[in-house]
> 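Take this structure first; my questions come after.
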Amino acid sequence: MLERAIVLAASAVGAGLAMIAGIGPGIGQGYAAGKAAEAVGRQPEAKGDITSTMLFGCAVAESTGIYGLVVALILLFANPLINLL
Amino acid sequence: MEGPKILFTIPYLNINVTETVVDTWLVMAVVTILCIWLTHGLEIVPRTKRQLAAEKLVSMVNNMVLNTMGHRYISFAPYIAALFATSMIGSLSSLIGLRPLTADFSTTLAWALLAFIMIQGNNIRLNGIGGWLKGFLDPVPFMLPLNLVSEIANPISMSFRHFGNIAAGMVITSLLYSALAALSSFILGWIPNEFVASIPLFQLGLPAILSIYFDVFTSFLQAYIICMLTMVYVSGVDSRE
Amino acid sequence: MPFVSIDVWTIIMQWGNLLILLWLIKKFLFKPVMSILEARENEIKNMYDEAEEARSTADELKTQYTAKLNNARDEADEIVKTAVKTAKNTSDEIISDAQDKATALIERANEKIEVERKSAINQAKNDLSDMALTIAGKVIERDINAADHSKMIDKFIEELGDAS
């Protein structure tokens, strides 16, 4: 029982730590959005293209954060470690 | 938080049919009915908005494929349309209470593997098996493991991205619902009437705002992105232009 | 099923579903719409061709009509010219006729006047000679043989007439 509790607690902490990966995409997407705003300011007529390109880039840049999220989700909801006991 | 439920098992073959697959069938039925409804009674001179919508849809997909892949891959348009429709409507199905079929990792992995097979197939078609194998030794043989990893990482990142976005939306929405239910029972709990106290008052309206981002926007964006990535990767091995 | 799971049968069924949907979309959305777009393109092409043909026919007709119109104008000019010429000739003829007639009339009148004048002069001569005879008879108071002197008097009157 104690081992189980330790694994669960460690998993919860691990999930929390995994979500630190959210920092990267946050900075990256903010940077991308800033650049896109600059680009729109320079060329307002290309707003549609810039927006779609930015969304595409943001979504791709988001992957690292999503990996962290998936690891967190696995640790929380489909914990493989608990079966190893 | 549970994964997709097993609704029934096909006897003798022992195949488990999950919620995801049944939802996919529903989505397919909806898409097919929509297509039939949109395209019945087409005329050379368009008279109905229905026909205009159908033509707009087709030309939009065709333009997207043309702009991204070039005219050689125009036969890809129906595949992209099918992928987009399934992904988008499948993700949006969470709005009517179904489990979004893209919140099942198997679904997105299936699509990503299909894209992977198409990428490698297109590469082999263009360069021959020798050229394809030699591509992994590019630029120096030492890079072989890295090239292999980067090739294999493609479908994994694609499937995890789509799955993670939709699943995160689902998790956050359900967390919000339970939090609002707790808030409702905390605030309304002092009312002696048990029925009134059990009304989850705060669940009304508030989740809709978040759902605009997590369901509608994300569904559209992820459908767009998985289509875009499939197109870019498949035509990316084509260096003729 | 766990939250994050890989189920081989689900993957296979999703492949099947996607391919079936691909087939359905191709059959029910892309084929009809593409065929209708193609039909419309053909129709527009046909319409353009027809319009082009109609325009060339119209151009041809226009040149024909212009030529005909020019011919007609020339003919009309000709007719008018001829008519004007004829009219002028006629009027000239009429005028010359009238002038001829007027000249003849004037000549005749002049002749008549001359005749009248001559007869008047003769009358006057006769009267004058008679008067002279009478006067001379009275003056001389003798019978003058009219026959004898008549010649003389006539001569005198002749000279008188010449003088006058």
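Below, chain A is the first sequence line, B the second, and so on; all start at residue 1. Just the heavy atoms: all of them, side chains too, but no hydrogens, waters or symmetry mates, feed the values below.
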> Does any N or O in the side chain of B:Thr39 come within less than 3.5 Å of the main-chain N or O of C:Leu29, such that one atom is a donor and the other an acceptor?
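The answer is no, because no donor-acceptor pair under 3.5 Å joins these two groups.
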> Got more than 12 heavy atoms from elsewhere within 6.0 Å of CD1, B:Ile129?
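Atom CD1 in B:Ile129 is not packed in, count stays at 12 or less.
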> Can you measure from CE (C:Met13) to OG (B:Ser106) and round to the nearest 0.5 angstrom?
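One finds 10.0 Å between CE of C:Met13 and OG of B:Ser106.
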> Output every pair passing side-chain hydrogen bond (donor to acceptor under 3.5 Å, both in side chains) with a member in residues 17-31 of chain B, not counting sequence neighbours, ordered by first then second residue.
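Counting only pairs at least two positions apart or across chains, the side-chain hydrogen bond (donor to acceptor under 3.5 Å, both in side chains) contacts touching residues 17-31 of chain B are B:Thr20-B:Asp104, B:Thr24-C:Gln14, B:Trp25-C:Asn17.
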> Around C:Glu114, counting heavy atoms of other residues, nucleotides and ligands shown, do more than 12 lie under 6.0 Å from its CD?
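Count over threshold, so yes.
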> If you measure from CD1 on B:Ile80 to CG on C:Leu22, what distance do you get to the nearest 0.5 Å?
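Those atoms lie 10.0 Å apart.
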> If you count every heavy atom of other residues, nucleotides or ligands that lies below 6.0 Å from C:Tyr65 atom OH, does the total exceed 12?
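No - once you tally the heavy atoms of other residues, nucleotides and ligands closer than 6.0 Å, there are 12 at most.
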> Is the shortest side-chain heavy-atom distance between B:Val31 and C:Leu24 below 4.5 Å?
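They are not in contact (no side-chain heavy atoms under 4.5 Å apart), so the answer is no.
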> Quick check on B:Leu83 against chain C: is it the side chain, the backbone, both or neither that has a heavy atom closer than 4.5 Å?
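The answer is both parts of B:Leu83.
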> Can you tell me which of B:Leu113, B:Val58, B:Ile15, B:Val17 forms the most heavy-atom pairs within a distance under 4.5 Å of chain C?
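If we count pairs closer than 4.5 Å to chain C, B:Ile15 comes out on top.
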> Need one label for B:Val61: side chain, backbone, both or neither, based on atoms under 4.5 Å from any heavy atom in chain C.
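It is the side chain, since no backbone atom gets that close.
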> Would you say the side-chain atoms of B:Thr32 pair up with the backbone N or O of C:Ile25, donor to acceptor, closer than 3.5 Å?
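Checked: no pair found.
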> Closest approach of C:Phe30 and B:Ala77, non-hydrogen atoms and distance?
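For C:Phe30 versus B:Ala77, the nearest heavy atoms are CE2-CB, 3.7 Å.
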> If you apply the rule side-chain contact (heavy atoms from CB on, under 4.5 Å), what do you find for B:Gln51 with C:Val33, and how did you get there?
CA-CA 9 Å; B:Gln51 181 173 356; C:Val33 172; over 6 Å; no
> Just wondering, do B:Met170 and C:Phe3 contact through their side chains at under 4.5 Å, heavy atoms?
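C:Phe3 reaches B:Met170 side chain to side chain.
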> Can you measure from CG (C:Asp7) to CG (B:Leu109) and round to the nearest 0.5 angstrom?
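Reported value, rounded in 0.5 Å steps: 11.0 Å.
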> Heavy-atom distance under 4.5 Å to chain C: side chain of B:Leu42, backbone, both or neither?
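For B:Leu42, backbone and side chain are both near chain C.
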> Indicate yes or no: does C:Arg40 engage B:Glu43 in a salt bridge with an N to O separation below 4.0 Å.
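Between B:Glu43 and C:Arg40 there is no salt bridge, as every charged N stays at least 4.0 Å from the carboxylate O atoms.
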> With a 4.5 Å cut-off on side-chain heavy atoms, are B:Leu38 and C:Phe28 touching?
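Counting from C-beta outward, C:Phe28 and B:Leu38 never come under 4.5 Å.
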> Between atom OG of B:Ser75 and atom NZ of C:Lys26, what is the distance when rounded to the nearest 0.5 Å?
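Nearest 0.5 Å value for the OG-NZ distance: 7.0 Å.
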> At a 4.5 Å cut-off on heavy atoms, which part of C:Ile6 comes close to chain B: side chain, backbone, both, or neither?
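For C:Ile6, heavy atoms of backbone and side chain both lie under 4.5 Å from chain B.
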> Could you state the interatomic distance from CH2 (C:Trp9) to CD1 (B:Ile6), rounded to the nearest 0.5 Å?
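Reported to 0.5 Å precision, the distance equals 14.0 Å.
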> Return yes when atom CD of C:Gln64 has more than 12 non-hydrogen atoms of other residues, nucleotides or ligands closer than 6.0 Å, and no otherwise.
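Yes, CD of C:Gln64 has more than 12 neighbouring heavy atoms, counting only those of other groups under 6.0 Å.
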> For a quick test of reading the model, state the closest non-hydrogen atom pair linking C:Ser5 to B:Phe105 and the distance between them.
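For C:Ser5 versus B:Phe105, the nearest heavy atoms are O-CB, 3.7 Å.
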